[in-house]
Protein chains: 2
Amino acid sequence: MASSFALLADPTRRRLLDELRMGEQPVGKLAQQLNMNQPAISKQLRVLREAGLASVRVDAQQRIYRLNPDGLREIDDWLAPYREFWEGRLDAMERTLELMED
Amino acid sequence: MASSFALLADPTRRRLLDELRMGEQPVGKLAQQLNMNQPAISKQLRVLREAGLASVRVDAQQRIYRLNPDGLREIDDWLAPYREFWEGRLDAMERTLELMED
DNA sequence: CAGTTATATGCTTGTCAAGGCATATAAAAT
DNA sequence: ATTTTATATGCCTTGACAAGCATATAACTG
């Protein structure tokens, strides 16, 4: 999985991230929350793990997954220039016009 | 294509959006910039158009595409709670601690 | 009208990925 | 040691989708 953009394409992974945002959780509980069978969840958790968006901690038989949100910065950064289109659009425009008047 | 997350999964579409961010452009020029053949570009532009991320203007034989960034807000909104993990993490933590002390 | 330019669409193929099911692995409990 | 609990992995089927090529559409040009 090259870029983290592809990671967010799958709704299951987005829901997993949203769930992990609430705090670390074992696989079984995540499967329960998302109402999906365990192997499906394990596979998606692996994808998130290998992409660096989640990390695991072992507790007896349980594997407790934890959010690692740093990888999402790539997306946030890509989005930044677009954000200006709906935030402070006028400010940016005014600044541009001022520069042009010089 | 249900959500705009899936739209960004494809690098060609991301590059198209980046290109359109510079200003409206006809199909041919976009194909040239991305160094891809025209049908491929037309298809991806259609996807962007139907998702509401781009709009077209007719000029003689040319179809001039224009960015419509509002659809990206869905992604930005989803990303917002994660952004706090790397922006102002301490501030949020401090506020939480203050509340807990009451 | 014939020809040319710009773009869209149809068809086909290759690729990849998600989830279901069965099974392997590993630790805990009895 | 056997059984139970928790998770991972392998195999398989199915669906989606991107791009190449050929072709259709539509507007401009001479």
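Chain identifiers are assigned alphabetically (A, B, ...) following the order of the sequence lines, protein sequences preceding nucleic acid strands; residue numbering begins at 1 within each chain.
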Qualifying residues under side chain to side chain contact (heavy atoms under 4.5 Å, CB included), relative to A/R21, sequence neighbours excluded: A/D18, A/L67, B/P81, B/Y82, B/F85
With sequence neighbours excluded, residues passing side chain to side chain contact (heavy atoms under 4.5 Å, CB included) with B/D10: B/T12, B/R13, B/Q44
Return no unless some side-chain N or O of [X] is found under 4.0 Å from OP1 or OP2 of [N].
X	N	value
B/Y65	C/dA8	yes
A/R46	D/dT7	no
A/T12	C/dA18	no

Classify every nucleotide of nucleotides 22-30 of chain C by which part a protein heavy atom approaches to under 4.0 Å, writing B for the base, S for the sugar-phosphate alone and - for neither, in 5'-to-3' order. B----BS--
Rounded distance (Å) that lies between atom [atom2] of [N] and atom [atom1] of [X]:
X	N	atom1	atom2	answer
A/D10	C/dA17	CG	P	11 Å
A/K29	D/dA6	NZ	P	14 Å
A/M36	C/dA17	CE	P	16 Å
B/Q25	C/dT7	CD	P	11 Å
B/L34	C/dT7	CG	P	14 Å

Can you give each donor-acceptor pair under 3.5 Å made by side-chain atoms of residues 32-41 of chain B, sequence neighbours left out, with the distance rounded to 0.1 Å?
residue, atom, partner, partner atom, Å
B/N37, OD1, B/A40, N, 3.2
B/Q38, NE2, B/S42, OG, 3.0

Side-chain (A/R63) to main-chain (A/V56) donor-acceptor, under 3.5 angstrom: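 A pair under 3.5 Å: no.
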Nearest of D/dG20, C/dG19, C/dT7 to any side-chain atom of A/Q44?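 Closest nucleotide to the A/Q44 side chain: C/dG19.
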Output the single nucleotide from D/dT9, D/dA19, C/dG19 whose closest atom is nearest the side chain of A/S42. D/dT9
Take A/P26 and A/K43, find for each the nucleotide of DNA chain D with the closest heavy atom, and name the residue whose nucleotide sits nearer the 5' end. A/P26
Show me the pairs that pass ring-ring contact (aromatic ring centres under 6.0 Å, His included) and involve residues 4-55 of chain B, at least two apart or across chains.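 Counting only pairs at least two positions apart or across chains, the ring-ring contact (aromatic ring centres under 6.0 Å, His included) contacts touching residues 4-55 of chain B are B/F5-B/W78.
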Sequence neighbours excluded - ring-ring contact (aromatic ring centres under 6.0 Å, His included) pairs with any residue from residues 18-63 of chain B: none
